[in-house]
Amino acid sequence: MLLKDPNQVPESRTIKYVDVIIPVPIPKRYRYAIPKELEPYVHIGFRVVVQFGERRLLTAIVAEVLENPPEHYQAKYILDVLDFEPTVNATQLQLWKWIADYYMCTVGEVMNIAIPSGLKLTSTSKVQLNPEFNYFEHEMELNPHEDKLLNHLRGVNAVPYDQVSEILGIKSVYQVIKSLIKRRAIILFEEVKEKYKPKKIKKIRLRDAYLESEQAMEELFASLSKKTKQEEILLKYLSELPVLSRPELNREGLEKTEITHGGFSTSSLNTLLKNQIFEEFEVVQSRLDEMEESVTVEAYDFTLNDIQAGALDDILEIFKERDVCLLHGITGSGKTEVYIELVKKVLANGSQVLLMVPEIVLTAQMVVRLRKVFGESVGIYHSKFSDNERVEVWKGVAEGKFPFVVGVRSSLFLPFDNLGLVIVDEEHESSYKQYDPAPRYHARDMAVVLAKLHHAKVLLGSATPSVESYYLAKTQKYGLVELKQRYGNAQLPAIHFADIRKERKRKTMKSEFSSLLLDGIKESLNLNEQVILFQNRRGYAPFLTCEECAWTPKCNQCSVSLTYHMYRNELRCHYCGYREPAPKHCIACGSSKVKTVGVGTEKIEEELKVLLPETRIQRMDLDTTKRKYSYQKIISDFENQQIDILIGTQMVSKGLDFDHVSLVGVFDVDRMIHFPDFRSHERTFQLITQVSGRAGRREKLGKVIIQTANPNQLILQHVFNHDYWSFFKREVWERKQYLYPPFTRIVKLSVKSESRELTDHAAEQLAVYLRGRIGQKRVLGPEFPVIDKIRNQYLKDLIVKLERGKVDLVKAKTLIAEQIERLRQQKGFRKVYIVVDVDPA
DNA sequence: AGCACGCCGACT
DNA sequence: GTCGGCGTGCTC
């Protein structure tokens, strides 16, 4: 690619300009000039290459084309245009802007996560010897570094800029390079390359000449009669592809690997190619099909039952008047089928559909199902996809190949141009909220915004709707449809509580297992049924402690204890990833009485292996599912009853349907209930209800055993009765009392720095500013969070509560931003970083 | 964010 | 004196 000098003076009178979005967290607008010859090719949404600062090249998106030059500076020129079609359409740009404003970040930050990095360019500076430079004439003027670099460059083509410091063995090389450029000894240039490469497969086919007549083919065979290897290859080709009877198949050709992997000689094939009997060609192949190849699922035939059909009608009716509808359907009520019918209808109208699902629900199970119904028109957007795969989905959506997309959070940003419907499944899931990096957006809420931009409808689905969404439905902002019966009239599972306080007193506990739960497990196993155990904490134990001196290993960089992981016998920090071997003796006093405290999935697994030695047990948590397909492997093993008991974290609670699970056991609910967060009750209700939903299918009644120190807690009673409504009423009452969402909007500000004192001072100062401008009562804190140091950054939080309907949100956010700016202007607080999280999860 | 510049201590 | 560390300011 030829790059032009950005500072070159324009030859012509009228120049156009562009304002661009650059992938950088700077809130300013940047305006560039368009060179005359590129002018016809520059349009809104196109990618252009711009120089930003002295050394950086960036991929920018054209946000606006303008007639007038900037007033106070000389604009640089755009260096190149990368597209013939817009990469980003106008609606996407509107969404980006909306998100940047609402979540208080820059459009550049939105761009950064919105487009796959394969659509961005990498710019790597390279240094090269100037061929016109005569080394020997100037040898004496050079300092040792300059001399060393030039000598190195004489042997090679070009060297990446970052390698220069290695070559010279010094850190700051810029002076050396600058001086050499001045002497015209070297050239510094930027090499720009498109990162996305389509996957190509090599194919071969017969030259057409041989298919034109039987005679040609006979002559070919005759010429090969003594060349056995080559003849074999020809025969193989003809047997795989009957081109003699159907010559049109020759266009398709055969994959080269089919020949070479079939034990045929590569060199013979090469000879055939060289002698112009075969020809080689390449086709672009999609990477997207690999995921499903291993999975088989029976045909997915269904008809909606009366209740589902009724729900569908209700939804359609609601959509006549409202844009958003909440589908509250208890677990197992068959929401997915309702979605599918709805999607069919919208697609038939010629509109696009986006179905959003939380990360872990999007498994091969679901994908294969949807493929069965919608075939090639479904695009899948999963977070475990490589960047190249993402680019393929992106392009597929843009080209209209995928009118229907199933995807995670970030699929919101795909280049839809005609959305008719967005479905957000498991709408309550907190994984729809992105925390790091900015934009800290909520995909469910942004789905509503996206749909509005497209004049499309939104269906939110959940068995346990978020309090916010259900409140909006109950106050008539959203439509509401409820599915209160399980599909096929199955019953909701029966909930039992194992009172571990009583069992401990009676000494009927076997380590972490109550007798009620253990007997339940045995009973299920005896009936050849499966069991799911839920413990929402990975590792073996959350910490170690010395019985003699109470010493506990802590993370150096974070204010947490280290979690003990048995399978590697190491201690790990779940916040920064630090690992070290587990100590045999107390580091403080040398005692060997180091004990684990608390319970994680690993410990449950280990104890169970001792209690039930013959049983096939599998653990499913972050540690066992890191590889791309390991999650699916576990799921399919469990489905095929290769596993009797599945122990896991939240992962086991989501969206999966198993036919033979009769019992679900839940550990440690009390910790969940008493977690210090205004959403802890909501989370507990959702999590237990979701995981309970895995128990029992069709005619079989499932059973759930929850271990708790106090079965009388109100929230557990709501769970016991499967009573969402009572849970909701109580929760709404509390939130109204204490001014939490949906009655307020929360903006959380986290102050971060390398020193506790600095963080503390900055947070206190910020609180003063905010109270002065926003109002005393609206600002809570600052408070040190429970974990007040992560990766050597000290944290202190402030909460701003803005009453719904009373406070002008836009104004309030502007005020908040101004106070942050005001703080950052102070010399002493330059090293303080403030994270703004709007609507924190 | 990244990158350059400038000012400072600490080494040949 | 130069090297590299860190604080500061700018990027069209």
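Residue numbering restarts at 1 for every chain, and letters A, B, ... go by the order of the sequence lines. Please read these numbers as outputs of a predicted model, since none were measured by experiment.
At a cut-off of 3.5 Å, with distance as the only test, a side-chain donor of Ser179(A) or Glu146(A) sits close to an acceptor on the other residue. For the residue pair Gln825(A)/Arg822(A), the side-chain donor-acceptor check at 3.5 Å is not satisfied. For the 3.5 Å distance criterion, the side chains of Tyr578(A) and Glu580(A) qualify, holding a donor opposite an acceptor. Counting only N and O atoms by type, the side chains of Gln434(A) and Arg409(A) include a donor and acceptor under 3.5 Å apart. For the 3.5 Å distance criterion, the side chains of Thr563(A) and Arg572(A) fail to qualify, holding no donor opposite an acceptor.
Phe678(A) meets the ring pair (Phe, Tyr, Trp, His ring centres under 6.0 Å) test with Tyr740(A); sequence neighbours excluded.
Regarding Phe52(A), its CZ atom lies at a distance of 12 Å from the P atom of dG2(B), rounded to whole Å. As a whole-Å value, the separation of Ile26(A) CD1 from dT11(C) C1' is 6 Å. Summarising the geometry, the separation between CG on Leu168(A) and P on dC3(C) is reported as 11 Å, rounded to the nearest angstrom. The nearest whole Å value for the distance from the CD atom in Gln51(A) to the C1' atom in dG2(B) is 14 Å. In this structure, the CD atom of Glu109(A) is 14 Å from the C1' atom of dG2(B), given to the nearest Å. Between the OH atom of Tyr30(A) and the P atom of dG2(B) there is a distance of 14 Å, rounded to whole Å.
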Using the rule given for salt bridge (charged side-chain N to carboxylate O under 4.0 Å, His left out), can you reason through Asp788(A) versus Arg756(A), listing the C-alpha separation, both sets of side-chain angles and the distance that settles it, and then say yes or no? CA-CA 9 Å; Asp788(A) 68 352; Arg756(A) 181 187 297 272; 2.7 Å; yes

Review item, nucleotides 4-10 of chain C N/O atoms under 3.5 Å of protein N/O:
{"unit_1": "dG4(C)", "atom_1": "OP2", "unit_2": "Lys171(A)", "atom_2": "N", "d": "3.3"}
{"unit_1": "dG7(C)", "atom_1": "OP1", "unit_2": "Lys831(A)", "atom_2": "NZ", "d": "3.3"}
{"unit_1": "dG9(C)", "atom_1": "OP2", "unit_2": "Arg830(A)", "atom_2": "NH1", "d": "3.3"}

Could you pull out the protein-nucleic contacts involving nucleotides 5-12 of chain B (nitrogen or oxygen on both sides, under 3.5 Å)?
{"unit_1": "dC5(B)", "atom_1": "OP1", "unit_2": "Lys178(A)", "atom_2": "NZ", "d": "3.2"}

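Dashed line: the shortest gap from a side-chain N or O of Arg55(A) to OP1 or OP2 of dA4(B) is under 4.0 Å. Residue His145(A) places at least one side-chain N or O under 4.0 Å from the OP1 or OP2 atom of dC3(C).
A centroid separation of 6.0 Å or more is found between the aromatic rings of Phe416(A) and Phe402(A).
Aromatic ring orientation, Phe46(A) versus His43(A): perpendicular (interplanar angle above 60°, classes split at 30° and 60°).
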